[in-house]
Amino acid sequence: MSKFYITTPIYYTNGDPHIGSAYPTIACDVLARYHRLKGDDVWFLTGADEHGAKMAETAEKAGKSPQEFCDETAAKYMECWDELNISNNDFIRTTSQRHKVAVRKLLQQLKDAGAIYEGQYEGFYCQGCESFVTEKDLVDGKCPDHGVEPKLISEKNYFFNLKKYLPEVKKMIDADEIKILPINKKKEVLGLFKQEINDFSVSRQNLKWGIPLPWDESQVTYVWVEALMNYVTALGYGTDDEKKLEQFWPADVHVVGKEIIKFHCIFWPAMLLAAGLPMPKAIYAHGLFTIDGVKMGKSRGNVIDPFNLIKEFGTDATRYILLSQFPFGQDGDIKASQFVIQYNSDLANGVGNFSSRVTAMAEKYFTGVVPARDTELKNEVEAIWVEYEKALEGFQVDGAIEAIKKLQSLGDGYVEKNKPWELAKTDEARLKEVIYNLLELLRHLGVALWPVMPETAEKILAALGQNNFTSQNFSLLKVWGLLEPESKVSKNEALFPRIQ
RNA sequence: CGCGGGGUAGAGCAGUCUGGCAGCUCGCCUGGCUCAUAACCAGGAGGUCAUUGGUUCGAAUCCAAUCCCCGCAACCA
């Protein structure tokens, strides 16, 4: 049995959960469930990144203490994942005691290894914001929020000696010791090495909302530095019990958005290298949404709330709709107006209707008793399984959805070709074979569906009398002919009622 | 000349590496069917493949230039 450790990005929770975070979380859930089905020992981590100036500022605007605010948003995230039926094994919060303790251990480790040195950070500081601002944020050289010119100031900071580790990191990426996927993202990362990459600061002086450095309590750890560390702190790094760390680290895949690949593909490996920890095996960068052609953002008022989607379509359909908009590794544009159309065509008319028609025929013609075995569709179904597995092994969640669609349309085509309603009048023996093939195909569809739409899969399989299927191994489940003749099946209720 | 990705039917995408009838899904139109959730199946209409120039018997694909969109570009994560 092999292990599979998968992580979502750790979300910066200074606002409510939105589909930008729901999307990769669902994708990771599909991969986690697939590996569990295969019998792998899976650890699936997600979490909340809760420190930093921006968080403190957002909390203040909301009239709350940072901790209070974080507690509330983290709860919303957890609720959202719960409603989306996300099967994460852990949810790490960077304000949790376990994270803070482990971060300080890891930072000390980096310091002891000589990877951290003291230096001066120079930047534009806005009095109004009480934080550094970037030049690109300035309008006419002034802070857009406060209308004042920020002062160039300098403060003591600790820096990570990134340059020392860059050649080794590059080598590992080149050699696919850290696989960067999809393949074009590897090119992009290697391209970054051609530009000058400077050491980065790991601390902040005038900020309270963060984790104090172990060797200098006047400085707070720079937020994304400790955020990246969540992938090991959640496994118990630096505690008395590092069993999980030994069992699951290195990660099999960090799934990240393409906007943060530099942090994950360069900075994080460098830190791991300095700390003497093994490298993640793969980093998969997924694409970003635009909505009706424009970037999603609160100020644009086009943010799609996952809770609303769940309310409108249900958990499984929301999972499906988000994943099926565009290929996982690419950017894509989505339109909320397409969601209903897609729900109706793929789910109501597709999977749902197919399940109804097949189980209804079994009831009508054979009073719900599975007729004699047949193997007419065996080869075609096996070929689709090969495609399905190949896609998921390569983290191509959308490929699995394609395979599911193929199974279903193979079924609908088979019904049309064989016209069971005519066979019922003319050829009982042939009818038995046809219905068996359809029921068995539906069983395969149910299994294939499980990682993507677990509740639906369970309903389909329960109607076929397959109740404890998740306890069985996938290698067995995908074999043709598991459905026993003489066993009892029942008609499925409408899995996805049509939306008008 | 900062780095990288992208621009293909009304919509969302594949095809570009390795040049050879421009494909998929949805939507639309027509026909068929009645087991099923007004579902299903078959057929059809719809594209100067961002623009311009070049290479070639032949270019969405290769080369050059231009325009537009997205991510990164030392501290927003």
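In what follows, chains are A, B, ... by sequence order, proteins preceding strands, each numbered from 1.
Residue contacts shown for Ala360(A) are limited to sugar-phosphate atoms, with no base heavy atom under 4.0 Å away. Across all strands, Asp412(A) comes closer than 4.0 Å only to sugar-phosphate atoms, never to a base (heavy-atom distances). Among the atoms of the strands shown, only primed sugar atoms or phosphate atoms (P, OP1, OP2) are found under 4.0 Å from some heavy atom of Tyr12(A). No engagement by Tyr11(A) is indicated, since no non-hydrogen atom pair under 4.0 Å with the nucleic acid exists. Within 4.0 Å (heavy atoms only), Ser356(A) reaches at least one base atom of the nucleic acid. Ile10(A) comes within 4.0 angstrom of nothing in the nucleic acid, heavy atoms only. Using a 4.0 Å heavy-atom cutoff across all strands shown, Phe354(A) reaches no nucleic acid atom at all. Using a 4.0 Å heavy-atom distance criterion, Phe159(A) is classed as a base contact.
C13(B) is paired with G23(B) under the criterion used here, namely a Watson-Crick or G-U wobble arrangement in which both key atom distances are under 3.5 Å. In a base pair of the Watson-Crick type (N1 to N3 plus N6-O4 or O6-N4) or a G-U wobble (N1-O2 and O6-N3), with each distance short of 3.5 Å, A73(B) is matched with no nucleotide. Pairing for C62(B) goes to G54(B), judged as Watson-Crick or G-U wobble with the two contacts each under 3.5 Å. Applying the Watson-Crick and G-U wobble criteria (two distances, each under 3.5 Å), C67(B) pairs with G7(B). Under the Watson-Crick or G-U wobble criterion, with both distances below 3.5 Å, G47(B) is left unpaired in every strand shown.
For the side chain to side chain donor-acceptor pair (under 3.5 Å) criterion with Tyr284(A), the lone passing option out of Lys179(A), Gln396(A), Lys185(A) is Gln396(A). Between Phe200(A) and the choices Phe160(A), Trp268(A), Phe159(A), the ring-ring contact (aromatic ring centres under 6.0 Å, His included) rule is met once, by Phe160(A).
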May I have the step-by-step check of salt bridge (Lys or Arg N to Asp or Glu O under 4.0 Å) for Lys186(A) and Asp174(A), ending in yes or no? CA-CA 8 Å; Lys186(A) 176 179 170 181; Asp174(A) 244 327; 5.1 Å; no
Walk me through whether Asp199(A) and Lys163(A) qualify under salt bridge (Lys or Arg N to Asp or Glu O under 4.0 Å). CA-CA 6 Å; Asp199(A) 293 349; Lys163(A) 281 186 174 142; 5.3 Å; no
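Looking at Asp71(A) and Arg93(A), a side-chain N of the basic residue comes within less than 4.0 Å of a carboxylate O on the acidic one, giving a salt bridge. Here Arg443(A) pairs with Glu440(A) in a salt bridge; the nearest charged N to carboxylate O distance falls below 4.0 Å.
With P as the reference atom, A11(B) and U48(B) are 12 Å apart, rounded to whole Å. Taking atom P in both U61(B) and G44(B), the straight-line distance is 28 Å, to the nearest Å. For G10(B) and G53(B), the C1' atoms lie 31 Å apart once the distance is rounded to whole Å. Using C1' as the reference atom, C49(B) and G6(B) are 14 Å apart when rounded to the nearest Å. A gap of 29 Å separates the C1' atoms of G32(B) and A22(B), to the nearest Å. Nucleotides U37(B) and G47(B) are separated by 35 Å at their C1' atoms, to the nearest Å. For C41(B) and C33(B), the C1' atoms lie 7 Å apart once the distance is rounded to whole Å. The gap from the C1' atom of G2(B) to that of A45(B) amounts to 47 Å, rounded to the nearest Å.
Note: Trp224(A) and Tyr12(A) fail the aromatic proximity criterion, with ring centroids not under 6.0 Å apart. Taking the centre of each ring, Tyr231(A) and His254(A) come in below the 6.0 Å mark.
In this structure, the nucleotide among G71(B), C26(B), U25(B) sitting nearest to the side chain of Ser345(A) is C26(B). With G32(B), G4(B), A11(B) as the candidates, the nucleotide lying closest to the side chain of Gln338(A) is A11(B).
What separates CG of Leu445(A) from P of A36(B) is a distance of 19 Å, to the nearest Å. Across the protein-nucleic acid pair, Phe339(A) atom CZ and G12(B) atom C1' stand 11 Å apart, rounded to whole Å. For the pair Glu259(A) CD and A73(B) P, the computed distance is 11 Å after rounding to whole Å. Between Ile260(A) atom CD1 and A73(B) atom P there is a gap of 12 Å when expressed in whole angstrom units. Following rounding to the nearest Å, Leu190(A) (CG) and C72(B) (P) show an atom-to-atom distance of 19 Å. The nearest whole Å value for the distance from the CG atom in Leu162(A) to the P atom in A73(B) is 14 Å. Gln342(A) has its CD atom 12 Å from the P atom of C13(B), to the nearest Å. Residue Lys425(A) contributes atom NZ, which lies 12 Å from atom P of C33(B) at whole-angstrom precision.
The phosphate of A39(B) has OP1 or OP2 within less than 4.0 Å of a side-chain N or O from Arg498(A). Applying the 4.0 Å criterion to OP1 and OP2 of U37(B), one finds that Lys491(A) has a side-chain N or O inside that range.
Residues Arg357(A) and Lys163(A) both approach RNA chain B. Their nearest nucleotides, taken by heavy-atom distance, put Arg357(A) toward the 5′ side. Place Ser201(A) and Val415(A) on RNA chain B by their nearest nucleotides, and Val415(A) ends up nearer the 5' end.
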